[in-house]
Undergrad: 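Pasting a structure here, questions to come.
Whatever order the structure lists them in is the order used to number ligands and atoms, beginning at 1.
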Amino acid sequence: MTNSIREIRDADCILVIGSNTGEAHPVISYEVVRATKRGATLIVIDPRKISLTRHAALHLRPAPGTDHALYLGMLNAIVTHGWLDREFIASRTDGFEAFAAALDAWTPDVASAACGVPAEQIVEAARFYALGLRRNAAEGDENALPRGASTILYGMGITERSNGTELVKTLANLAMVTGQIGRLSTGVNPLRGQVNVQGGCDMGSLPNVYPGYQQVADPAVRAKFARAWAQRQSKAGRELTLPESPGLTFIEMIRGAADGRIRAMYIMGENLMMTNPDATLMERAVRSLEFLVVQEIFLTETAQLAHVVLPAASFAEKSGTFTNTERRVQLARPFTRPPGEARPDWAILCAVGRRLGRRLRRPLRWEYGSAAEVMREVANLCTIFGGITHERLETVGLQWPCPTPEHPGTLFLHAEQFSRGRGRFHATSPAPPFEPTDDAYPLVLSTGRILYHYNGGPMTRRAAPLDWREPRAYAEIHLEDAARAGVRDGQACLISSRRGSIRVQARVGEVVPVGMIYVPFHFREAAANLLTHADGLDAGAKTPEYKYAAVRLERLRAERAGAAGAAHPPPE
Ligand SMILES: Nc1nc2c(c(=O)[nH]1)N[C@H]1C(S)=C(S)[C@@H](COP(=O)(O)OP(=O)(O)OC[C@H]3O[C@@H](n4cnc5c(=O)[nH]c(N)nc54)[C@H](O)[C@@H]3O)O[C@H]1N2
Ligand SMILES: Nc1nc2c(c(=O)[nH]1)N[C@H]1C(S)=C(S)[C@@H](COP(=O)(O)OP(=O)(O)OC[C@H]3O[C@@H](n4cnc5c(=O)[nH]c(N)nc54)[C@H](O)[C@@H]3O)O[C@H]1N2
Ligand SMILES: [Mo]
């Protein structure tokens, strides 16, 4: 996030885009509700009704996969009505003129035709957001200065798409055109998912960067890491050469496994058999590996396919840091002992590293005494974490960038300038989803989360009180689509895509719009990812289009209905 969670409550206008915040980010959702109680304008942009729509001044419901047009329509309205922040554009950005010219075609009417949201709503949303107007703003408040603070919160509804990167750039354009960034309670804020996904990226779990977002392709960066690691690894300071080109992203690795270019894989804390798109393809790829290691806290669907399973200690059993969505690094302490032979992940990695070293002439020293010592190396090698130590974290979580031991951490980014200096406008244009609907598969499948379960389910489905709340797989279906297929509320139904079929319970109503089916992906007995596709990855991030696949809906004969989505015993 450019800004912080605590700033949300003081925003004047909040755009929640493609995020089921109430279920997936309950704590942040409280902050949004708190802001609306203080008079903030909440605008939800989501095809589905979500719990926050109850508090929203406007709920814009674009047809799935079409909201890029809506943002271009908003940008057009902002330029046409002069709601832009000319001073911000002049002093902080480059390339506005060319960018604005490309917007001419996207009048609110054109945008409305493309996404199905009424033109007046597009203009209204643009006005509230651009000027940071509160809900009860009076006529004439348009001219009040300084403008209020507007913030964008976005989720997987726009990133898990074949053009997710373009969509995020479009939101950045919105923030720059209106100067709604670089101040308190503004910004472009991704609600990051897993508890430490931010920390994982920060530590270089990406194919193109070392820890602290330092580029693999940069020779100076490589030399710095090579020197530090060579010193640590052998007393004689052996030379280390680090690879020069970026590695592969996850789906690229899977494709590599499927066609034999990748023969071995070491997976830590990822249950790809449940969570990656096109589970049939995943299984074929994983089974074709010559050697698979899975480091896990449970014997998941993926671990069951491994040649070697390394038991890891869970968060409750080890110390280390977690970095949350607002860049806040926080210390976790163990409160119970690991079961059996389980060890902390870092300790397992070091033990494996030492054994690799045995085959070399001068053995490697993968000797770290503790997670705190690992953190000291991180601070030495990464400017943005330079001032972060476990000792400091004992009392308070620190938000990076935190370059020195005296630095208090950074509440919000880009106050004076952007990472590259001046912000650059990127002209973007909408692209259709990879797999459009057709006569054979007329409905859009969208997948996501529910409050009581977590991703592939290995943790929450083992927790009886949670599994009891949501024991079975289901699909949200609109009344009209259900009637057409002869499916009734509570009955079993069959959902099929070009990849496979699942049987789930139908929840018929008006949560989803006509033409959209929503299936949570937590249930292994009716795995949504049997239906999704691993094609049409986002060009920039290589993220799969989890939010759009063409499917068809069928009713099941009565005698088979009982079995569909039946409560399933949690995995042993
Ligand atoms: N309880 C619970 N909490 C979780 C998780 C969990 O599994 N369970 N997982 C965590 C993880 S890893 C993540 S990444 C986050 C995800 O958090 P979110 O991104 O908030 O969650 P999703 O369920 O993926 O919701 C995506 C939303 O996008 C909407 N959407 C679908 N298509 C479109 C579209 O075309 N346009 C727009 N504007 N919206 C669209 C859907 O209707 C849905 O409301 O949640 C985290 N928190
Ligand atoms: N259809 C569909 N698919 C999706 C999505 C979607 O919206 N729709 N969302 C996608 C998103 S945003 C995400 S983030 C992915 C999530 O995909 P995964 O990361 O595969 O999902 P999780 O179930 O969270 O898996 C985490 C695994 O880590 C293990 N684990 C927990 N703690 C530890 C630990 O301390 N050490 C080790 N070694 N292991 C541990 C857990 O047992 C679990 O098996 O799913 C993606 N898949
Ligand atoms: Mo995620």
Side-chain angles (χ1 to χ4, degrees), residues 16-26 28-29 44-53 60-68 70-71 115 153-161 167 190-197 200 250 267-279 294-303 310-318 320 325 338 342 344-345 348-349 433 444-462 466 470 476 511-513 516 518-522 527-532 543-549:
V16 169
I17 299 179
S19 167
N20 187 5
T21 323
E23 299 201 64
H25 308 276
I28 289 177
S29 163
V44 171
I45 303 179
D46 198 305
R48 292 169 64 231
K49 288 181 189 158
I50 57 172
S51 60
L52 278 179
T53 37
L60 275 41
R61 303 183 78 178
T66 65
D67 38 351
H68 200 162
L70 190 159
Y71 312 129
C115 69
L153 309 178
Y154 71 88
M156 301 299 117
I158 63 154
T159 54
E160 290 179 341
R161 320 209 66 97
L167 279 158
L191 303 182
R192 303 220 57 182
Q194 285 172 307
V195 65
N196 197 31
V197 64
F250 205 84
I267 300 176
M268 290 189 278
E270 172 97 12
N271 186 13
L272 69 112
M273 285 302 299
M274 278 296 296
T275 56
N276 274 27
D278 194 349
V294 173
Q295 187 165 312
E296 252 294 344
I297 62 170
F298 290 119
L299 196 61
T300 60
E301 291 77 6
T302 312
L310 298 171
S314 77
F315 73 97
E317 301 148 359
K318 62 187 173 199
T325 189
D345 288 285
I348 301 176
L349 286 177
V444 177
L445 171 80
S446 187
T447 57
R449 320 171 143 76
I450 56 179
L451 182 62
Y452 293 102
H453 287 299
Y454 201 80
N455 294 349
M459 298 176 283
T460 49
R461 296 203 76 201
R462 278 184 172 77
L466 297 176
E470 288 288 5
E476 284 168 0
V511 177
V512 287
M516 178 179 183
Y518 177 79
V519 179
F521 71 107
H522 312 296
N529 280 324
L530 286 166
L531 307 179
T532 52
T543 298
E545 193 155 48
Y546 288 118
K547 302 300 194 239
Y548 200 112

Undergrad: For Lys318, is the nearest heavy atom under 4.0 Å from an atom of ligand 2?
TA: yes
Undergrad: May I ask you to identify, for Tyr548, whether its side chain, its backbone, both or neither come under 4.0 Å of ligand 1 on a heavy-atom basis?
TA: neither
Undergrad: Any non-hydrogen atom of Ala313 lying under 4.0 Å from ligand 2?
TA: yes
Undergrad: Return a yes/no value for Arg192: is any of its N or O atoms, backbone included, closer than 3.5 angstrom to an N or O of ligand 1?
TA: no
Undergrad: If we only count N/O pairs under 3.5 Å, is Glu23 in contact with ligand 1?
TA: yes
Undergrad: Which ligand 2 atoms, with their elements, are less than 4.0 angstrom from a heavy-atom of Thr447?
TA: 1 (N), 2 (C), 6 (C), 7 (O), 8 (N)
Undergrad: Could you say whether the N/O atoms of Gln194 and ligand 2 ever approach to under 3.5 Å?
TA: yes
Undergrad: Do Leu451 and ligand 1 have an N or O pair less than 3.5 Å apart?
TA: yes
Undergrad: Between ligand 1 and Thr66, is the shortest N or O to N or O distance under 3.5 Å?
TA: no
Undergrad: Check whether any N or O atom of Gly193, backbone or side chain, sits under 3.5 Å from an N or O atom of ligand 1, and answer yes or no.
TA: no
Undergrad: I want to know if ligand 1 touches Tyr452 in the polar sense, i.e. an N/O pair below 3.5 angstrom.
TA: no
Undergrad: Can you confirm, on distance only, whether ligand 1 has an N/O atom lying under 3.5 Å from any N/O atom belonging to Arg161?
TA: yes
Undergrad: I'd like to check whether Ile45 has a polar contact with ligand 1, where a contact means an N/O of the residue lying under 3.5 Å from an N/O of the ligand.
TA: yes
Undergrad: Counting each atom of ligand 2 from 1 as listed, which ones have a heavy atom of Gly456 under 4.0 Å away?
TA: 23 (O)
Undergrad: Which ligand 2 atoms are under 4.0 Å away from a heavy-atom of Asp345?
TA: 34 (C), 35 (O), 36 (N), 37 (C), 38 (N)
Undergrad: So is Arg449 polar-close to ligand 2, meaning N/O to N/O under 3.5 Å?
TA: yes
Undergrad: For the 3.5 Å polar cut-off, considering only N or O atoms, please tell me whether Met516 and ligand 1 meet it.
TA: no
Undergrad: Nearest non-hydrogen atom to atom 47 (N) of ligand 2 belongs to which of Val197, Thr159, Thr275, Val519?
TA: Thr275
Undergrad: So is Ile158 polar-close to ligand 1, meaning N/O to N/O under 3.5 Å?
TA: no
